[in-house]
J.: 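First the structure, which I've put down as structure tokens, then a few questions once you've had a look.
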Amino acid sequence: MADRNDAHSHDAQRKSPSASRRNFLQALAGAGAAISFSSRIANAQQGEIGYWAKDLSDAQLTNMFSTILKIRWYERTLVDKMLTDSNYRGYNHFYVGQEAVATGVCAALKNTGGVMEADLIYSTHRPSGHAIAKGTDIKKMAAEYDFRATGLNKGYAGEMHISDKSIGFMGADGMIGPGPVIATGSAFAIRARGSKQVVVNFGGDGTYATPHFHSAMNNAALLKLPFIYVIENNLYHQYAHYSWSCPMKDIAEAAGTYGVPGVVVDGQDVMQVYNAAKTAVERARAGQGPTLIEAKTYRYYNHWGAPGAKPGELGAFGYDPLAISSFRPEREVREWMTRDPVDICRNTLIGWKVIDATKATAMEAAIKQEVLDAVAWADKQPFCKPEDGLKNVFVEGSVAARQFG
Amino acid sequence: MARKSFMYSVLEAVQYEMRQDKNMIWIFELTPPVASNPGRPVINLETEFGRLRVANTGIDENWMAGCVLGAGLAGSKALTYIPYQGACMPFQMIQNHAGKLRSMTGGDAAMPVVFIMEMTGQTAGFAGQHSDYEIDTYYAHIPGVKTVIPSTPADAKGMMASAIRDPDPVVFLYAAGLRELVEEVPDEQYLTPLNKAVVRTTGSDLTIVSSGAGMPDVLDATEKLQKAGMKVEAIDLRCLKPMDTETLVKSVQKTKRLLTFDQSYYTLCPGAEVIARVAENVDGAKYKRIAFPDAPPPAAPEMFNWMRPNADHIIAAAKRLVS
């Protein structure tokens, strides 16, 4: 990560936070550090997005950085665990590299109050970032990843199916396609009962090819549902480049077909993601219907597990034995890692004088420890009882054991 | 003749047919048609036949199934490989279109197509959506499609060759749990019928019937039971539809005891159909069925492995039936 020396104090930024943030933005733009996309969608929309993030309180901004760090260290800890601890049974579809997307979107949502009050999110099979950004208990999530009886879903879910209804985290989905359709159903119910909640569906670039993408966008537009489809375009669906499933450079272009706003954002920059999400959420709450947000981002690890990764090192490099064709070159991985969402957020907050380098480093150390403690707690949790597998098929009772003849 | 893996054997059959028939196509997502075997040339249909004939697509199993169906209607042989995540996504396309078009057209429509459905129920820990065992009877229930489920590399090669040459749609169920199986498989192309079960061991005390991913446990249990003195007739169904009633009935007429074993869900598992057909034709026999409980596969290995039927369950049930 980049050096974070900073001469400014907290006192200085308190005097004039928005002025100094604006100056910092200008500096960023001047230095060419702000990422721009040549898409006409991005150009058309970014001027209308507004820059809501600069008006957030210091606490809110710090919280966003904290969330990004939590996702990063939760996953890095599990990568190392997968690589070094033979007793660990969990598997992961890692989200590292994409932290700013979940964080920026969830920062624009209401994350308390259960399904009747919280904004709802539907996740993917790469769910830990979404779960942490929504506010899931990391200890219980770590226990679930290792199939423990006291895990978030009592050992029934595993990584690909975790959910936490209490905060509106409707669940990870192992399947590519159906999620957004189900999410629009929640949005329909919300609109019918007159609630101001909104529903966000996270989906990868691979979801574009599914019939469910069209179904969700079309019906959400027809019924003006409070629905936001966030495409995390990390360039690869499973092992194939997104150009194999989408003929356009920007998937957000599809939004125009449905008369819905389509926005392309830099998914490495949490502030850009937040601004787009905030605009979409306000539009949805006001009854103006859905938005399609495409966040350009990148995953540092392979499709699943940690092939090519080394303990203690960020990212995975080299050939994945499951990938035969059209898989990412190592140079591409390294290039994306130079625009790391942790660094971008940290540098922005330091530039805005919300935190200084010392505070950022201290936050990082504290969060590393919090994650290590959570995983250590999970390691001590009890295993599931075999016969409990017959429970929870229906609300009451258990089904018959049929394996004994 | 050489020792070959399951998928190598399947792709060898496909490669041979694609070389003979320049119109034949293959559509896939995620799982490239590539297999290697020690000492043999790598089979890579994608590089050998090019993107015009072998296409990697976006994630849309519905399109994949519809595409090969349309290709078949237009007069080309076509195959698609649906990976385990999507094994039921194209269900409606096969149920309401592939299964009905020949009948609906008064016999005119020919669909020389193969839907390869990967089933990965053997994997503990994948949980819910990636661990299902049940799709064998889902597809076997559809009129108008043949549903086959080979359990050995040699059968897989012969049945794939037959499936491609069959003028009707064939659902070729590939139990991914058999991926590591290796055996002697002939190099030349040969045809294994799509309507015949096979008797793996002969015996007069008890008939055990299974298919696909269930067969390794059955063969393991049978060997142990034979050593303990029980004469077991183990039958591998191979074809769920059409089902070879004759072989089943002939065996149980002799043994008067039938044990079915499935990695499928208990209700309406293949064994249920086997028992029904035998019961219609054999008097005075005893029956027992082992299958996965009617529950979604839970994530925790403790729960999943306890629920999954295994060779010990077969041995215990066999002893109860024969005692």
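Below, chain A is the first sequence line, B the second, and so on; all start at residue 1.
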J.: Any side-chain donor-acceptor pair under 3.5 Å between Gln403(A) and Asn310(B)?
T.: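 Their side chains do not contain a donor-acceptor pair, so the 3.5 Å distance test is not met.
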
J.: Among Ala291(B), Ala317(B), Ala295(B), which has the most heavy-atom pairs under 4.5 Å with chain A?
T.: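 Among Ala291(B), Ala317(B), Ala295(B), the one with the most close pairs to chain A is Ala291(B).
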
J.: Evaluate Leu390(A) against Trp306(B) for side-chain contact (heavy atoms from CB on, under 4.5 Å), listing each step before the verdict.
T.: CA-CA 10 Å; Leu390(A) 303 173; Trp306(B) 179 79; 3.6 Å; yes

J.: Restricting to salt bridge (charged side-chain N to carboxylate O under 4.0 Å, His left out), what partner residues turn up for Asp220(B), sequence neighbours left out?
T.: Lys224(B)

J.: How would you list, in number order, the residues of residues 391-400 of chain A that have a heavy atom less than 4.5 Å from chain B?
T.: Val393(A), Val399(A), Ala400(A)

J.: For residues Ser245(A) and Gly58(B), report the shortest heavy-atom separation together with the two atoms involved.
T.: CB-CA, 3.4 Å

J.: Could you tell me whether the side chain of Met303(B) reaches within less than 4.5 Å of the side chain of Phe147(A), counting heavy atoms only?
T.: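 No. Closest side-chain heavy atoms not under 4.5 Å.
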
J.: Measure the shortest side-chain to side-chain distance between Pro309(B) and Arg402(A) over non-hydrogen atoms and say whether it is less than 4.5 angstrom.
T.: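 No, their side chains stay 4.5 Å or more apart.
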
J.: Looking at side-chain heavy atoms only, is the closest gap between His125(A) and His130(B) below 4.5 Å?
T.: no

J.: Could you report the tightest heavy-atom contact between Pro293(B) and Ala401(A), atom names first, then the distance?
T.: CG-CA, 4.4 Å

J.: Nearest heavy-atom pair of Ala299(B) and Gly158(A): which atoms, and what distance?
T.: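 Scanning both residues, the minimum pair turns out to be CB-N, 3.5 Å.
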
J.: Is any side-chain heavy atom of Met89(B) closer than 4.5 Å to a side-chain heavy atom of Thr210(A)?
T.: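 Result no, sub-4.5 Å side-chain heavy-atom pair not found.
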
J.: Taking every heavy-atom pair that is under 4.5 Å apart, which of Gly177(A), Ala157(A), Ala149(A), Gly151(A) has the most such pairs with chain B?
T.: Ala157(A)

J.: To the nearest 0.5 angstrom, please state how far the CG atom of Asp60(B) sits from the CD1 atom of Ile176(A).
T.: 11.5 Å

J.: Sort by residue number and list every member of residues 81-93 of chain A having a non-hydrogen atom under 4.5 Å from chain B.
T.: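 So far as heavy atoms go, Arg89(A), Tyr91(A) are the residues that approach chain B to under 4.5 Å.
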
J.: CZ of Phe404(A) to CZ of Arg320(B): how many Å apart, nearest 0.5 Å?
T.: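 Rounded to the nearest 0.5 Å, the CZ-CZ separation comes out at 9.5 Å.
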
J.: Starting at CE of Met175(A), measure out to CD1 of Ile59(B) and round the result to the nearest 0.5 Å.
T.: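 Met175(A) CE to Ile59(B) CD1: 9.5 Å, rounded to 0.5 Å.
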
J.: Looking at chain B, which one of Lys154(A), Glu159(A), Glu387(A), Lys385(A) has the largest number of heavy-atom pairs inside 4.5 Å, strictly under?
T.: Glu387(A)

J.: Sort Asn153(A) into side chain, backbone, both or neither according to what part of it lies under 4.5 angstrom from a heavy atom of chain B.
T.: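 Nothing of Asn153(A), per the 4.5 Å heavy-atom cut-off to chain B.
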
J.: Holding to side-chain hydrogen bond (donor to acceptor under 3.5 Å, both in side chains), I want the full list of residues that pass it with His212(A), two or more places apart in sequence or in another chain.
T.: none

J.: Side chains of Asn305(B) and Pro386(A): closer than 4.5 Å at any heavy-atom pair?
T.: no

J.: Counting neighbours of CG on Leu235(A) that are heavy atoms of other residues, nucleotides or ligands and sit closer than 6.0 Å, is the number greater than 12?
T.: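 For Leu235(A), atom CG is crowded (more than 12 foreign heavy atoms under 6.0 Å).
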
J.: Out of Ile290(B), Thr260(B), Leu259(B), Asn62(B), which one racks up the most heavy-atom pairs below 4.5 Å with chain A?
T.: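 Result: the option with the highest number of such pairs is Ile290(B).
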
J.: Checking the side chain of Gln129(B) only, and the main-chain atoms of Gly174(A) only, is there a donor and an acceptor separated by less than 3.5 Å?
T.: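 Between the backbone of Gly174(A) and the side chain of Gln129(B) there is a qualifying donor-acceptor contact (under 3.5 Å).
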
